Amino acid sequence: MNLFADIRNAVLEALNALQADGTLPEGLDYANVAVEPPRDAGHGDMATNAAMVLAKPAKMKPRDIADALAAKLADDPRIQSAEVAGPGFLNLRLDAAAWAGIVRAVLVNGADFGKSDMGQGQKVNVEYVSANPTGPLHVGHTRGAVFGDALASLLDYAGYDVTREYYINDGGAQVDVLARSVYLRYLEAHGQEVTFEGGTYPGDYLIEVGEALKDRVGDAYVDQPEEVWLEDVRNMATEAMMELIRVDLGMLGVQMDRFFSEKSLYGTGKIEAAIDSLKAKGLIYKGVLEPPKGKVPEDWEPREQTLFKSTDHGDDVDRPIMKSDGAWTYFAPDIAYHYDKISRGYDLLIDVFGADHGGYVKRMKAAVSALSDGRVPVDIKLCQLVKLFKDGEPFKMSKRAGTFITLRDVVDEVGPDVTRFVMLTRKNDAPLDFDFDKVLEQSRENPVFYVQYAHARVCSVLRKANAAGIAHDDATLADADLAGMTDEAELALAKKLSEWPRLVEIAARSNEPHRVAFYLYELASDLHSLWNRGNDKPELRFLQEGKPAETQSKLALARATAVVISAGLAILGVTPAEEMR
RNA sequence: GCACCCAUAGCUCAGCUGGAUAGAGCGCUGCCCUCCGAAGGCAGAGGUCUGAGGUUCGAAUCCUCAUGGGUGCGCCA
């Protein structure tokens with residue numbers, strides 16, 4: 001139930017009536033007519049720009065349209081007053097019963113209050129993390145994991161049919177490097193001295209893989225050439241790393257619907273099929289690329305390559321899909337992978353990348369556009385860098401020493417709930433500072449705590465009501481008499497609740513789950529201010545001693561707030577706290 | 001050199017398909033509390049939304065250019 005959508009419908013009906021009686025000309029486009037909360041609460045509960053938007057097409061003065069619209073809307077029982085203001089806004093004040101209705105709707109619908117049907121059940125594929133299977137996930141991956149997961153939940157809540165997917169880069173050269181690294185650990189397990197050269201991975205996490213290999217094959221691979229062991233070790237190592245990654249994701253509560261292997265595209269004709277599809281559209285050709293201007297690589301020499309004509313679909317230069325030795329470039333399997341997603345019938349694709357893949361966006365969009373003939377939109381979200389701090393001091397990571405901070409380090413230190421919430425308190429394309437001490441602070445400046453505390457306070461009140469023998473199940477509270485809900489702090493809270501369904505749609509439309517986190521902070525803030533007001537005005541306290549009926553009315557609002565906080569946190573993947581310690 | 005992202009209060013950041021006097025936290029100033037709902041509360045000051053043009057009834061928001069910062073740029077994924 002979205003009150004703003006309901007009132008917008010009322011406005012549109014009134015506009016239709018005005019067209020019917022000849023006040024307005026026929027055939028007006030309502031697309032830009034909006035009903036939204038005004039910035040200033042003094043302007044009323046809702047405002048519509050209808051008069052200003054329609055003034056030009058109707059060839060009328062905004063004021064005249066607004067006056068006529070106000071007269072029509074006066075008939076609506078939900079609308080207490082409608083007055084024209086400013087350049088032509090129509091400010092609406094709603095009947096007090098509307099806010100009581102919101103509280104009831106929350107209690108009756110529970111976590112479903114706020115769900116939207118804007119997705120219309122469309123199939124969306126959200127691809128995220130997709131880290132190379134060469135080691136444990138680090139902080140950068142963590143942000144992508146949290147962001148992608150929350151986005152997927154948000155879209156699900158907004159009525160989309162969502163698939164969470166991880167693309168395993170197990171077909172390229174980097175898994176060969178992984179295999180060689182494991183092989184070194186294997187030799188080490190046999191007592192040999194080894195050095196990690198040629199970009200091999202020195203991390204400790206491969207020691208046990210090397211030992212496991214020794215346990216399985218004994219000394220069969222010792223002093224043998226790569227042809228003997230590479231494929232076997234690669235498969236084993238990749239599997240071990242994916243197991244590691246699955247466990248890491250599990251620590252964060254991330255559960256993928258599907259892991260898609262790049263390797264499964266090779267030798268199965270899938271890459272060829274995707275490229276053939278582009279070939280059939282005349283988008284594959286052999287040619288020579290210009291060197292990049294301003295920064296010519298030292299070993300540059302013109303070469304003929306097989307190219308994808310991505311410039312036909314918005315890219316800046318055409319991109320190579322095949323190396324000079326006839327092998328595919330990394331781009332070719334990526335094309336095939338997206339071709340596979342398209343052929344699985346998705347209406348919308350979303351890729352979550354790290355910011356260092358920004359240069360990859362245009363060619364990927366071009367590929368999807370070409371493969372789907374422009375039918376399937378793809379939104380690529382880039383997650384910016386995470387900077388770690390400890391007590392205000394930057395936390396240095398050294399790749400050389402292998403001391404990079406992993407997802408596991410972060411979750412072990414602050415827990416999954418704090419990790420997730422903090423990662424979502426910034427827009428995805430803005431850099432994020434993560435301070436191990438600040439995120440655990442119990443104060444207003446820490447949004448994680450502030451939101452959790454609001455929920456815990458409501459739980460505490462309900463526990464006390466329980467002890468006092470007051471019925472406080474949602475059905476009972478939904479029937480409570482809310483006529484006494486008249487204080488401005490109470491109304492502000494109820495109004496904030498009414499914005500939840502609208503916020504869900506806005507956040508989902510822009511694929512920005514951080515908006516949920518900010519909304520929850522505002523909602524918590526409104527609950528805390530009502531609570532604080534109870535200090536001065538005992539009649540505003542949620543527990544009214546000796547007055548069970550009054551207490552139930554107060555509890556209705558408190559419980560409704562907790563329900564929405566809980567629903568919002570569920571989208572972020574955060575567990576609501578029952579009590580603070 | 002080119003592409004993409006970013007620039008909002010002293011600091012860290014929000015700001016809806018373009019809406020009214022641009023918001024929050026911190027910091028600052030003043031007041032309140034110091035057993036009973038203060039892991040604080042209330043109020044206030046603080047802005048050329050990087051700059052210059054443009055579109056519009058209306059621009060922090062859209063377009064162009066400039067400046068400053070980040071990321072990336074043909075056989076690595």
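Below, chain A is the first sequence line, B the second, and so on; all start at residue 1. Keep in mind that what you see is a predicted model, and the values were worked out from it rather than measured.
Between Y450(A) and Y521(A), the ring center distance clears the sub-6.0 Å criterion. Two rings, from F436(A) and F434(A), have their centers less than 6.0 Å apart.
To the nearest angstrom, P of U61(B) lies 20 Å from CZ of R509(A). Residue N32(A) contributes atom CG, which lies 12 Å from atom P of G19(B) at whole-angstrom precision. If you measure from atom CD1 of I321(A) to atom C1' of C76(B), you get 17 Å, rounded to the nearest angstrom. A39(B) atom C1' lies 15 Å from atom CD of Q452(A), rounded to whole Å. The distance between atom CD of E505(A) and atom P of U17(B), rounded to the nearest whole Å, is 11 Å. Atom pair N446(A):CG and C13(B):P shows a separation of 15 Å (rounding to whole Å applied). Protein atom CG of L92(A) is 15 Å distant from nucleotide atom C1' of G19(B), rounded to whole Å. Between the CD atom of E512(A) and the P atom of G15(B) there is a distance of 6 Å, rounded to whole Å.
Both R303(A) and N91(A) sit near RNA chain B, but only N91(A) has its closest nucleotide nearer the 5' end. A residue-by-residue look at S443(A) and H514(A) shows that H514(A) has its nearest nucleotide of RNA chain B further toward the 5' end.
In this structure, the nucleotide among A3(B), C76(B), A20(B) sitting nearest to the side chain of H43(A) is A20(B). Relative to the side chain of N532(A), the nucleotides G74(B), G72(B), G41(B) differ in distance, and G41(B) lies closest. Side-chain proximity of D316(A) to the nucleotides C6(B), A77(B), A3(B) is greatest for A3(B). Side-chain proximity of Y521(A) to the nucleotides A39(B), G25(B), G19(B) is greatest for G25(B). Of the candidates C57(B), A39(B), A20(B), C57(B) carries the atom nearest the M52(A) side chain, counting heavy atoms from C-beta on. For E445(A), the listed nucleotide lying nearest its side chain is G25(B); candidates were G25(B), G15(B), C42(B). If you check A20(B), G25(B), U12(B) against the side chain of R426(A), the one that comes closest is U12(B). Comparing C42(B), C4(B), A77(B) against the side chain of N169(A) picks out A77(B) as the nearest. With U17(B), G74(B), C6(B) as the candidates, the nucleotide lying closest to the side chain of A34(A) is U17(B). Comparing A3(B), A20(B), U17(B) against the side chain of K362(A) picks out A3(B) as the nearest.
In the interface, the side chain of R502(A) is paired with the base of C16(B) through a donor and an acceptor atom under 3.5 Å apart.
In this structure, H357(A) forms no aromatic stack with the base of G72(B), since the conditions of centre separation below 5.5 Å and plane angle below 30° are not both met. In this structure, the aromatic ring of F89(A) is not positioned over the six-membered ring of the base of G19(B) within 5.5 Å between centres and 30° between planes.
Only the C1' atoms considered, C73(B) is 29 Å distant from G51(B), to the nearest whole Å. Comparing G30(B) with U71(B), their C1' atoms are spaced 47 Å from each other, to the whole Å. Here, G70(B) and G10(B) have their P atoms 23 Å apart, quoted to the whole Å. Straight-line distance between the P atoms of G54(B) and G47(B): roughly 27 Å, to the nearest whole Å. Comparing C26(B) with G19(B), their P atoms sit 28 Å apart, to the nearest whole Å. Only the C1' atoms considered, U67(B) is 36 Å distant from U29(B), to the nearest whole Å. C31(B) and A39(B): their P atoms are spaced 22 Å apart (whole Å). Rounded to a whole angstrom, the distance from the P atom of C16(B) to that of U61(B) is 11 Å.
Between Y360(A) and F331(A), the angle of the ring planes goes over 60°, which puts this pair in the perpendicular group of the 30/60° scheme.
Regarding contacts with the backbone of A77(B), every side-chain N or O of K263(A) stays at 4.0 angstrom or more from both OP1 and OP2. A sub-4.0 Å separation between OP1 or OP2 of A39(B) and a side-chain N or O of Y453(A) is present. A sub-4.0 Å separation between OP1 or OP2 of C57(B) and a side-chain N or O of K56(A) is present. Not one side-chain nitrogen or oxygen of K438(A) sits closer than 4.0 Å to the OP1 or OP2 atom of U12(B).
The side-chain contact (heavy atoms from CB on, under 4.5 Å) test with I275(A) singles out one residue from Y339(A), W328(A), F308(A), and that residue is W328(A). Each of E262(A), K270(A), E165(A) was checked for a side-chain hydrogen bond (donor to acceptor under 3.5 Å, both in side chains) with Y337(A), and the lone residue meeting it is E165(A).
Counting any heavy atom pair closer than 4.0 Å across all strands shown, V53(A) reaches a base atom. Using a 4.0 Å heavy-atom distance criterion, L385(A) is classed as making no nucleic acid contact. Here F542(A) lies in heavy-atom contact (under 4.0 Å) with a base.
Summarising the base pairing, C62(B) is matched to G54(B) through a Watson-Crick or G-U wobble pair whose two defining distances lie under 3.5 Å. Base pairing annotation: G1(B) forms a Watson-Crick or G-U wobble pair with C73(B), both donor-acceptor distances under 3.5 Å. Across all strands shown, U34(B) remains unpaired; no Watson-Crick or G-U wobble contact has both distances below 3.5 Å. In this structure, C13(B) forms a base pair with G23(B), meeting either the Watson-Crick or the G-U wobble geometry with both donor-acceptor distances under 3.5 Å. In this structure, A43(B) forms a base pair with U29(B), meeting either the Watson-Crick or the G-U wobble geometry with both donor-acceptor distances under 3.5 Å.
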Next item on the list: Evaluate the side-chain hydrogen bond (donor to acceptor under 3.5 Å, both in side chains) criterion for residues R457(A) and Y453(A): first the C-alpha distance (whole Å), next the side-chain angles of each, then the deciding distance (0.1 Å), finally the verdict.
Entry: CA-CA 6 Å; R457(A) 269 185 157 170; Y453(A) 185 33; 3.1 Å; yes
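A 4.5 Å side-chain heavy-atom check between L523(A) and L497(A) finds at least one atom pair inside the cut-off. The side-chain heavy atoms of R8(A) and T48(A), taken from C-beta on, include no pair separated by under 4.5 Å.
Partners of H472(A) under the ring-ring contact (aromatic ring centres under 6.0 Å, His included) rule, at least two apart in sequence or in another chain, do not exist in this structure.
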